[in-house]
Amino acid sequence: MTQQKIDFIEELEWRGLLHQCTDEDGLRKYLADPERAPRKVYAGFDPTADSLTIGNLVPIMLLAHVKRAGHVPVVLMGGGTGLIGDPSGKSAERSLITDQTVEANVHAQQPIFEIVLGCVEGPKHCVVNNVDWLGGLGYIEVLRNIGKHFSVNMMMQKESVKERLHNREQGISYTEFSYMILQAYDFWKLFYDDQVAVQVGGSDQYGNIIAGIDLIRRISFDLIKSVPMLAAEAQAAAAAGQIELAASLAKQAAMYAASPEPESFGLTAPLVTKSDGSKFGKTETGAIWLTRERTSPYAYYQFWLNASDDDVIKFLKIFTLLTKDEVDELERGHVDNPGAREAHKKLAQCATAIIHGKKEAEQAENASKALFSGDIVSLPKALLEDVFANIPSSDHSKADLENQSVDLVELLVETKLAQSKRQAREFLANGSVSINGSKITPETKLALEHLLHDEIIAIRRGKKAWHLTRWN
RNA sequence: GGGCGUGUACCCAAGUGGACAAAGGGGGCAGACUGUAAAUCUGCUGGCAACGCCUUCGGAGGUUCGAAUCCUCCCGCGCCCA
């Protein structure tokens, strides 16, 4: 079934994904022209790690909407810019990462785009890597052709730079200071070579995006301006009998004269915030990642399920592809009966499905149901294995169970459910620990009778921390 | 280069010779109540073989029966003067 194409800007608007736009009316017109569709829209991603976090998911969703609107999403991997480091939003100079690492990270991140954009209807997306053009750039060339268009005065006005300039503890290196030039050049390059005229990103990217738009305008203006001069030179060369030179100059003049209208657009999504003011995307265990090696589907599902009431509708709009009607209905249900947590469940389900697939999402859902009902005991072995597939586990000796020599305090530390023995004792005293879903006291001794399916004991600390032990 | 400050646990911050593993706040964790939410209340928040022991108040030495606290040197940071 082919879905109705959406209107890009309107879609972003109701989803709360539209923060800034350099020329909203212009962009509307640009995207609406059926003669010239599909248009190309890009977002850049810096390969600073071998995975992406849910912070990066926002621009990815922007690209997904680009695709749904019938345009071509272009993923720009920062294989070149990643070697430099974006100072935006960073309070300290970062140490450079090796080009091998950057390359490996680019490689590792790529599947994420395939997955998310792959499951959306619309024109096929494409992936480019800016090391392909930045890598071969010469220093003199950059200074003459690009650097000339940047005013240092303007660059120093940039918030992220200004902050670092006034901070004596953490200055900014020439390297990071120059980052903006490279990102601007990316936009110019994509605009000129591939007709990519729209860049989207997070609000922290607005300055860099503007710099790109500016550069496009300036270079285009220069090119057009140089046409009469080139033509005159060509004529002069022809008159002097320098046929080859004349031809080459004339060709250049023609090419410049035909260069595209320097019409380019930038659009940003707002920074995602949480109602309680804490940082979005972080939990006690760290950032939430988009690959299962770093954040299991279960943990990912749990993250969304645990969203605060005040955030859940907002997150549904941003991080799922549910329609406005569907979200509105969930919102009504949520207002009427927040205790049912229907909106939370849907959010967790859809958000997990986008990244890890429907099947994993279902598994995560089943696991969540089983774990939080506390009814582990009645689960058949296969389902139990399934439920715990994403949860840390460890192996132990059955003989210790037979003679009841297992020290719970030690076991809690061993399974990382407690950080120290002191803390483990505290948890036991507080009644925070349960075995197979039922609470235990500090006096409880682990014994053979606790084994499920003759080999498994599930330990839970608090509401959310589980560990599976196998005894052989 | 000179002067005056300042550096304490995850963060802020008290402590200026013994009662100091170090007040208070924030954050975090756990418990109760709930809905795996929020708010609220309670407990915990350096470690251990635990009425004791070990490690920790920027670093290295020193004075002392005893140092986060006093002295010397070094390092970091802030403000002022040059």
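Predicted model, so just to flag it, every value in this text is computed and none were measured. Atom set for the values below is all heavy atoms of this structure, side chains included, hydrogens, waters and symmetry mates excluded. Within every chain, numbering begins at 1; the chains are lettered A, B, ... in the order of the sequence lines, protein sequences first and strands thereafter.
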**OP:** Using Watson-Crick or G-U wobble geometry with both distances below 3.5 Å, tell me the partner of B:G5, or none.
**Re:** B:C77

Original post:
What pairs of residues pass the salt bridge (charged side-chain N to carboxylate O under 4.0 Å, His left out) test when at least one of them lies in residues 380-390 of chain A, not counting sequence neighbours?
Top reply: A:K381-A:E455, A:E385-A:R470

**OP:** Let me know the distance between CG of A:L371 and C1' of B:U36, rounded to the nearest Å.
**Re:** 11 Å

Subject >> Counter-base of B:C33, judged by Watson-Crick or G-U geometry with both distances under 3.5 Å >> reply: none

Subject >> Watson-Crick or G-U wobble partner of B:A14, both distances under 3.5 Å >> reply: none

Subject >> P-based separation of B:U69 from B:G62 [nearest Å] >> reply: 14 Å

Original post:
Distance between the P atoms of B:A30 and B:A38, in whole angstroms?
Top reply: 12 Å

All N/O contacts under 3.5 Å from nucleotides 49-54 of chain B to the protein, with atom names and distances to one decimal?
unit_1, atom_1, unit_2, atom_2, d
B:A49, OP1, A:K421, NZ, 2.9
B:A49, OP2, A:R425, NH2, 3.2
B:A50, N6, A:R425, NH1, 2.6

Subject >> Partners meeting side-chain contact (heavy atoms from CB on, under 4.5 Å) with A:S432 (sequence neighbours left out) >> reply: A:F427, A:N430

Original post:
Can you pull the ring-ring contact (aromatic ring centres under 6.0 Å, His included) pairs that have at least one residue in residues 333-367 of chain A, sequence neighbours excluded?
Top reply: A:Y300-A:H356, A:H334-A:H344

Subject >> Pairing partner (Watson-Crick or G-U wobble, both distances under 3.5 angstrom) of B:U64 >> reply: none

Subject >> Set of side-chain contact (heavy atoms from CB on, under 4.5 Å) partners for A:E329, sequence neighbours left out >> reply: A:R332

Subject >> Electrostatic pair A:K421-A:D407, nearest N-O below 4.0 angstrom >> reply: no

Subject >> A:E11 bridged to A:R68 by N-O distance under 4.0 Å >> reply: yes

Original post:
Does anything in residues 96-105 of chain A pair up under side chain to side chain donor-acceptor pair (under 3.5 Å), and if so which pairs, sequence neighbours excluded?
Top reply: A:T98-A:T101

**OP:** Mind listing the residues from residues 342-364 of chain A sitting with a heavy atom below 4.0 Å of RNA chain B? Number order is fine.
**Re:** A:H344

Original post:
Rounding to the closest angstrom, what is the interatomic distance between B:U36 and B:A68 at atom C1'?
Top reply: 43 Å

Original post:
Starting at CH2 of A:W304 and ending at P of B:G35, how long is that distance when rounded to a whole Å?
Top reply: 25 Å

Subject >> Under 3.5 Å donor-acceptor pair, A:Q302 side-chain atoms to B:U36 base atoms >> reply: yes

Original post:
Using the P atom in both, what is the distance from B:G52 to B:G58, to the nearest Å?
Top reply: 27 Å

Subject >> Atom pair distance, as rounded to whole Å: CG in A:L428 and P in B:C44 >> reply: 17 Å

Subject >> Note: A:E362-A:K358 ion pair, threshold 4.0 Å (strictly below) >> reply: no

Original post:
Going by the salt bridge (charged side-chain N to carboxylate O under 4.0 Å, His left out) test, which pairs reach into residues 297-311 of chain A, not counting sequence neighbours?
Top reply: none

Distances for protein N or O near nucleotides 41-43 of chain B N or O, under 3.5 Å:
unit_1, atom_1, unit_2, atom_2, d
B:G43, N2, A:E426, OE2, 3.4

Original post:
How many Å lie between CZ on A:R341 and C1' on B:U34, as a whole number?
Top reply: 11 Å

Original post:
In this structure, are over 12 heavy atoms from other groups packed under 6.0 Å from A:H107 atom NE2?
Top reply: no

Original post:
B:G31 C1' sits how many Å from A:Q423 CD, rounded?
Top reply: 14 Å

**OP:** Whole angstrom is fine here: how far is it from NZ in A:K463 over to P in B:A30?
**Re:** 8 Å

Original post:
Among pairs that include at least one residue of residues 430-442 of chain A, which meet salt bridge (charged side-chain N to carboxylate O under 4.0 Å, His left out), considering only residues two or more places apart or in two chains?
Top reply: none

**OP:** Using the P atom on both, measure B:A14 against B:G3 and round to a whole Å.
**Re:** 26 Å

**OP:** Inspect the surroundings of CD in A:Q419 and state if more than 12 heavy atoms from other residues, nucleotides or ligands are less than 6.0 Å away.
**Re:** no

Original post:
The side chain of A:K439 lies closest to which of these nucleotides: B:A37, B:A30, B:A32?
Top reply: B:A32

Subject >> Those residues that, when tested against A:S51, pass side-chain contact (heavy atoms from CB on, under 4.5 Å) (two or more places apart) >> reply: A:I112, A:W289, A:T291, A:R294

Original post:
Should B:C51 be called syn or anti, with syn set as within 90° of 0?
Top reply: syn

**OP:** Name all residues meeting the side-chain contact (heavy atoms from CB on, under 4.5 Å) criterion together with A:A340; count only those two or more places apart in sequence or in a different chain, and write none if there are none.
**Re:** A:N337, A:E342

Subject >> Distance, C1' atom - from B:A49 to B:G15, rounded to whole angstrom >> reply: 33 Å

Original post:
Quantified in whole Å, what is the P atom distance between nucleotide B:G47 and nucleotide B:A21?
Top reply: 16 Å

Original post:
Start at the 5' end of RNA chain B and walk down; is the nucleotide closest to A:H334 or to A:G431 reached first?
Top reply: A:G431

Original post:
Which whole-number value in Å describes the distance from A:Q419 CD to B:G47 C1'?
Top reply: 12 Å

Original post:
Rounded to whole angstrom units, what separation is found between the CZ atom of A:R460 and the C1' atom of B:A30?
Top reply: 13 Å

Subject >> Counter-base of B:G27, judged by Watson-Crick or G-U geometry with both distances under 3.5 Å >> reply: B:U45

Subject >> Distance, C1' atom - from B:U63 to B:G28, rounded to whole angstrom >> reply: 41 Å

Original post:
Watson-Crick or G-U wobble partner for B:C51, using a 3.5 Å limit on both distances?
Top reply: none

**OP:** With a 3.5 angstrom cut-off on both distances, give the Watson-Crick or G-U wobble partner of B:A38, or none if there isn't one.
**Re:** none

